[in-house]
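What follows is a single structure, written as structure tokens, with notes after it.
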Amino acid sequence: MVVDHVEKHYGQFHALKDVSLTVHRGEVVVVIGPSGSGKSTLCRTINRLETFTTGSIRIDGDELPQEGKELAALRADVGMVFQSFNLFAHLTVLDNVTLGPIKVKHQSKADAERAAKVLLDRVGVGEQADKLPAQLSGGQQQRVAIARALAMNPKVMLFDEPTSALDPEMINEVLDVMVGLAQDGMTMVVVTHEMGFARKAADRVVFMADGQIVEESTPEEFFTNAQSARAKDFLSKLITH
Amino acid sequence: MGIITDNLDLWGEMIVGTLLLFFAGGTLALILGTIVGAMRVSPIPIARGVGAFYVNTVRNTPLTLVFFAFAFALPPLLGLRLTGAVSITLAICALGIYTATYVAETIRSGINTVPVGQAEAARAIGLTFGQVMRFVVLPQAFRSVIPPMMSVFIALLKNTTVAAGFSIANLGSVRAYLSERGENQFVAILWVMAIFVALVLLLSWAQQTFERRWKVAR
């Protein structure tokens, strides 16, 4: 996946400034940085939930289409996990996971349900398949959301602060699932404040501030020997807490 | 009671007329209104424009004028002969097209109650705009607008009486027929009122049933 010189403006506000990022197959890239630095915007731009002003984004060489059916098809290849879970409130957990495979990939209901049950077991919520999202805890909902994204067999998974809305004791159950995915070779872009996850699972850490990529390096290098003043400042604030 | 039992044929015909106008007009309004409501939130500017134009013109036209258009202006244009079946179809269209604007606005307000994240998550798994609406947004929007939607349908039920002015048999015209048969008009009107109250209570009961069954768990 190649993000090439992407610029984005919200009116006067320059949200992304000449952002370029290449993510290779099987790579786990963690994006960190202070609030308002454009991390989430970048994540949402990659599957075009946000438009961008100039630049290009390619996945497996295919340019992101503007709108319509081609865009929908491409989005199916990019799994997305949101901070606020966004499970479909009127559907059961199982139906949440099978909706995409049935309607977008045209799988039969039986096939989709079989695959969905395997995925739900894998993220540890197989028992909850017939419940509505509101009956689950935050951590369980987020794991269902991960299963829903995985059900589309995406080429890359985007995580937009997946644990920021969770109670501390639920964060780990979600991170464990994500570490498992990373170990299975999934290509991942993860926006997070969980430095432990970055150290453990990331191949590369990207530090963003003020809409720009300030620094890119291995987790080891970044956490022990950050180059830029901005990153040093950010890290010093984390450690003192 | 004699006014009912002595004229059962008339009452029966009139109630059937009212129910036909209500159910056929209501079905048309629901389908058309849902489409227009979805158009008004669509990403395509032309669809939004057409939807807004339709709602703003038809909703702001008095229902009697809409009926005039369908009863007198349209038939010569289309070369229609006004047989009974044609008249009632035109009346159903007038009611449906008029009520659809209210349905559209009610649906649109319902769509606005569905959190943006629901549509984003649906788009993120590759659903098209139409699928996002059909499978994720509208089912939730409908549930949140049952009470105002029922008010729209209660208004429709009462608006069916306007058709009486255009020689369509329904409860609104029963008084005129009964007075020809020498019945007391005041009593006739009281009975019509009672029947409308009963019909509206039935609708309210349906509303409560839907609300219970389709409660949105958030």
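Order of the sequence lines fixes the chain letters, A, B, ..., with proteins taken first and strands second; residue numbering starts at 1 for each chain. Worth knowing before you read on, the calculation uses all heavy atoms, side chains too, and leaves out hydrogens, waters and symmetry mates.
- The backbone N or O of A:Asp60 lies less than 3.5 Å from no partner atom in the side chain of A:Lys155, so there is not a single donor-acceptor pair.
- Listed options A:Leu91, A:Leu87, A:Val81 were ranked by heavy-atom pairs under 4.5 angstrom with chain B; first place goes to A:Leu87.
- Proximity to chain A (any heavy atom under 4.5 Å) is shown, for B:Ala122, by both the backbone and the side chain.
- A:Arg58 and A:Ser56 form a side-chain donor-acceptor contact under 3.5 Å, judged by distance and modelled atom types alone.
- Between the side chains of A:Ser40 and A:Asp160, at least one donor N or O sits under 3.5 Å from an acceptor N or O.
- Within residues 143-153 of chain A, the residues that have a heavy atom under 4.5 Å from a heavy atom of chain B are A:Arg148, A:Met152, listed by number.
- Under 3.5 Å, the side chains of B:Thr113 and B:Ser144 contain a donor-acceptor pair of N or O atoms.
- Chosen from A:Asn47, A:Leu99, A:Val78, the residue pairing most often with chain B at heavy-atom distances under 4.5 Å is A:Leu99.
- Other residues, nucleotides and ligands contribute only 12 or fewer heavy atoms inside 6.0 Å of the CD atom of A:Glu127.
- Between the B:Asn170 side chain and the B:Ile168 main chain, a donor and an acceptor come within less than 3.5 Å of each other.
- Proximity to chain B among residues 22-32 of chain A is not found for any residue, judged by heavy-atom separations below 4.5 angstrom.
- Between the side chain of B:Glu105 and the backbone N or O of B:Thr101 there is no donor-acceptor pair closer than 3.5 Å.
- Here the two rings, on B:Phe67 and B:Tyr98, have centers that are 6.0 Å apart or farther.
- Here the closest non-hydrogen pair linking A:Thr92 and A:Asp130 is CG2-O, 3.7 Å.
- Annotation: the span from B:Arg40 atom CZ to B:Ile107 atom CD1 amounts to 13.0 Å, rounded to 0.5 Å.
- Within the 4.5 angstrom heavy-atom criterion, only side-chain atoms of A:Phe82, from C-beta onward, approach chain B.
- Within the 4.5 Å cutoff, no side-chain heavy atoms of A:Asp203 are placed close to those of A:Met188.
- Looking at A:Leu74, there are no atoms closer than 4.5 Å to chain B (heavy atoms on both sides), in backbone or side chain.
- In this structure, the portions of B:Gln118 lying under 4.5 Å from any heavy atom of chain A include both its backbone and its side chain.
- Using a distance-only test at 3.5 Å, with no hydrogens or angles considered, a donor-acceptor pair links the side chain of A:Gln141 to the main chain of A:Pro133.
- Under the 3.5 Å distance criterion, the side-chain polar atoms of A:Ser108 are matched with a main-chain donor or acceptor of A:Asp111.
- In this structure, chain A has no heavy atom under 4.5 Å from any part of B:Phe129.
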